[in-house]
Amino acid sequence: MAVIGSVSAVYLSGKGDYRTQCHSKRYYKLHNFLAFGGSEAMGHQLKRLNLSDGGVMHRKDAGLSKIVCMDYPRPELENTVNYLEAAYLSSTFRTSSRPQKPLQVVIAGAGLAGLSTAKYLADAGHKPILLEARDVLGGKVAAWKDGDGDWYETGLHIFFGAYPNVQNLFGELGINDRLQWKEHSMIFAMPSKPGEYSRFDFPDVLPAPLNGIWAILKNNEMLTWPEKVRFAIGLLPAMLGGQAYVEAQDGLTVKDWMRKQRIPDRVTDEVFIAMSKALNFINPDELSMQCILIALNRFLQEKHGSKMAFLDGNPPERLCMPIVEHIQSLGGEVQLNSRIQKINLNNDGTVKSLTLSNGSVIEGDAYVIAAPVDILKLLLPEEWKEIPYFKRLDKLVGVPVINVHIWFDRKLKNTYDHLLFSRSPLLSVYADMSVTCKEYYDPNRSMLELVFAPAEEWISCSDSDIIEATMKELAKLFPNEIAADQSKAKILKYHIVKTPRSVYKTVPDCEPCRPLQRSPLEGFYLAGDYTKQKYLASMEGAVLSGKLCAQAIMQDYETLSLREQESKKAEATVA
């Protein structure tokens, strides 16, 4: 999913005692101790006000900081069906019989899909050669460091409990401690009440789906009881019909499905505009209902499915590099600044080699394109474009998205140590990364990272226009602290990252166009969150697509080995 990646325990050296910066004197209590190497052990929890009477947090004493700086224990994910299924798939690579002659597999794209493909092929004893066009790892989770040493990212990345293949990957790499888990809540801004938030709190004492139902029923601020009842009745077919029903809804937008089920438009406006923008950066009148139902299914069927974690630092170093090191330790290669310029074909239409932009040519026993679908379409040879497998890709088009980072001259108080749904017409979700992420911690200044979506009408606008529009929206979220003219909190600096084509736009009738990882051309494969897999266009979808791609290559081992032998015989005959 798009929200397609906090700090309660931080390195304190040279930055003062965080406990004096981040608590309300009246509602503070020591809750837990967490420590990272060299840091002072600490952890804080703020007692919330007014949660029992509707889930809304009122900000009446704005002079006190309401920020809670605390990480939560890693939830128990290992006993879920989906986690066990993902763990089993991972184990098949490690326990498979070692190949007599490892395949050399050339993989284009070092995002999570390409990294996952390479990782699991290496686990199975093969030799991946991973090529990345840019000088940074991560693809859609890439990040860069500016001249001040601060990081800015391609997107605001959230790791859900309902990401079984991602969670397995962290465990396999031994980096589970790099996920900073937050309280099990979803927090929405209240446009009609500037500065206030409404919460859906999932109680730990209840199993799924009762914890999710309780969270919805206890929130009386966003939906009325009649609306909740009507929504519950509308969802019954999805609950009873299972996966077959979910897949059948691909032809309807969220708005169309809601109206078909006679669910009031206010349910869409209050909840699902925000959810649609968070999942795919578009509004409910465009998004396929299948996308929403897949997410709801995961969130409601798994106790910790909707529980969120932030990565404790920048994704290239904290997530991607451990994968690279693992690949290299098993004999694989990873090359940056290696852009594919052309796919060269044999007489039978299969791939002969790849030409890089520097003129070098690379050959392998198999080839994987793990780049976004829009880049793949640019690379397709003319001879392939009318093949139905590739022709169907025309329907899949990346959605534009903008990620905004703003450093302020002060610590903002009207926020949480969590992901926040802005419910703004221009903004999707945001977080104060100086609070939520250990590496980005700052006791004196806030850094808001915001997803600007839908972004189609803004992607060509200047950075200054985007910042001006963002500040107007932030003035509504932080009425006592931010003004559009910067007469209150002032901008120290900002970074804007534009992605003209991000995850594929999940509009109705896209599902039949998503390709399997194995193409009809022998030796050629695809990986990416747009390829066929049961999760959304997300980090989880990318990782799972890589595993499925590696699995397909392993299944084709005999064919690919024979193909290599025949190729060598043909070369010898010509010679």
Side-chain angles (χ1 to χ4, degrees), residues 6 21-28 44-70 156 182-183 185-201 218-223 266 269-271 273-275 277-278 404-436 442 444-452 467-491 494:
S6 304
Q21 302 290 338
C22 200
H23 72 275
S24 161
K25 293 180 181 178
R26 289 190 292 172
Y27 303 110
Y28 163 86
H44 310 297
Q45 184 181 45
L46 180 70
K47 291 182 179 178
R48 299 289 184 181
L49 303 179
N50 301 318
L51 294 185
S52 60
D53 62 354
V56 65
M57 183 69 177
H58 298 283
R59 301 288 183 178
K60 292 182 179 178
D61 59 349
L64 290 174
S65 173
K66 295 296 189 291
I67 302 171
V68 183
C69 302
M70 192 187 92
L156 181 52
K182 302 305 172 186
E183 58 185 325
S185 302
M186 290 189 172
I187 307 174
F188 292 75
M190 301 293 291
S192 61
K193 299 177 182 179
E196 296 184 10
Y197 296 89
S198 186
R199 300 167 53 102
F200 292 87
D201 294 308
K218 286 293 289 182
N219 184 303
N220 295 315
E221 184 73 15
M222 293 174 66
L223 299 178
R266 216 180 75 85
D269 296 340
E270 289 294 300
V271 178
I273 288 179
M275 195 169 180
K277 289 166 66 172
V404 180
H405 312 72
I406 305 177
W407 283 259
F408 288 97
D409 65 350
R410 65 196 66 184
K411 201 74 177 174
L412 299 173
K413 300 172 183 177
N414 194 37
T415 188
Y416 286 83
D417 179 11
H418 213 300
L419 179 76
L420 299 171
F421 293 81
S422 75
R423 301 177 72 207
S424 152
L426 296 181
L427 305 177
S428 172
V429 292
Y430 70 98
D432 185 344
M433 300 298 282
S434 71
V435 173
T436 60
D442 191 319
N444 303 313
R445 289 172 292 274
S446 286
M447 188 277 271
L448 294 186
E449 184 171 346
L450 311 106
V451 178
F452 197 103
I467 285 293
E468 181 180 355
T470 301
M471 286 295 287
K472 288 179 180 177
E473 294 303 309
L474 289 178
K476 301 172 188 175
L477 296 169
F478 298 83
N480 298 315
E481 302 178 86
I482 295 178
D485 62 2
Q486 296 191 54
S487 57
K488 296 176 183 177
K490 291 178 173 53
I491 297 177
Y494 62 81

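Below, each value reflects all heavy atoms present in this structure, side chains not excepted, and no hydrogens, waters or symmetry copies.
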Do any N or O atoms from the side chain of [X] and from the backbone of [Y] form a donor-acceptor pair under 3.5 angstrom?
{"X": "His418", "Y": "Ile187", "result": "no"}
{"X": "Asn219", "Y": "Arg199", "result": "yes"}
{"X": "Asp417", "Y": "Lys182", "result": "no"}
{"X": "Ser422", "Y": "Leu427", "result": "yes"}
{"X": "Lys277", "Y": "Phe421", "result": "no"}
{"X": "Arg410", "Y": "Glu481", "result": "no"}

When rounded to the nearest 0.5 angstrom, what distance separates [atom1] in [X] from [atom2] in [Y]?
{"X": "Ile482", "Y": "Ser487", "atom1": "CD1", "atom2": "OG", "answer": "11.0 Å"}
{"X": "Ser428", "Y": "Phe452", "atom1": "OG", "atom2": "CZ", "answer": "11.5 Å"}
{"X": "Asp432", "Y": "Lys411", "atom1": "CG", "atom2": "NZ", "answer": "5.0 Å"}
{"X": "Leu450", "Y": "Ile406", "atom1": "CG", "atom2": "CD1", "answer": "6.0 Å"}
{"X": "Leu412", "Y": "Lys488", "atom1": "CG", "atom2": "NZ", "answer": "12.0 Å"}
{"X": "Ile491", "Y": "Phe408", "atom1": "CD1", "atom2": "CZ", "answer": "5.5 Å"}

Any heavy-atom pair between the side chains of [Y] and [X] that's under 4.5 Å?
{"X": "Leu223", "Y": "Glu270", "answer": "yes"}
{"X": "Thr470", "Y": "Leu448", "answer": "no"}
{"X": "His405", "Y": "Met433", "answer": "no"}
{"X": "Asp442", "Y": "Met447", "answer": "no"}
{"X": "Tyr430", "Y": "Val404", "answer": "no"}

- Item | Under the salt bridge (Lys or Arg N to Asp or Glu O under 4.0 Å) test, residues paired with Glu473 that sit two or more places apart | Lys476

- Task: Give me the ring orientation class for Tyr197 and Tyr416: parallel if the planes are under 30° apart, tilted from 30 to 60°, perpendicular past 60°.
- Result: perpendicular

- Message: Would Asn414 and Leu477 count as a side-chain contact (heavy atoms from CB on, under 4.5 Å) here? Give the steps.
- Response: CA-CA 8 Å; Asn414 194 37; Leu477 296 169; 5.8 Å; no

- Message: Apply side-chain contact (heavy atoms from CB on, under 4.5 Å) to residues Met222 and Arg423 and explain how you reach the verdict.
- Response: CA-CA 12 Å; Met222 293 174 66; Arg423 301 177 72 207; 3.8 Å; yes

- Task: I would like to know whether Leu156 and Leu419 meet side-chain contact (heavy atoms from CB on, under 4.5 Å); could you show each step before the answer?
- Result: CA-CA 9 Å; Leu156 181 52; Leu419 179 76; 3.7 Å; yes

- Stepwise side-chain contact (heavy atoms from CB on, under 4.5 Å) test for Lys472 and Leu426: CA-CA 10 Å; Lys472 288 179 180 177; Leu426 296 181; over 6 Å; no

- Query: At their closest point, which heavy atom of Ala489 faces which heavy atom of Asp409, and how far apart are they?
  - Reply: CA-OD1, 3.8 Å

- Query: What are the two closest non-hydrogen atoms of Ser434 and Ser446, and how far apart are they?
  - Reply: OG-CA, 3.4 Å

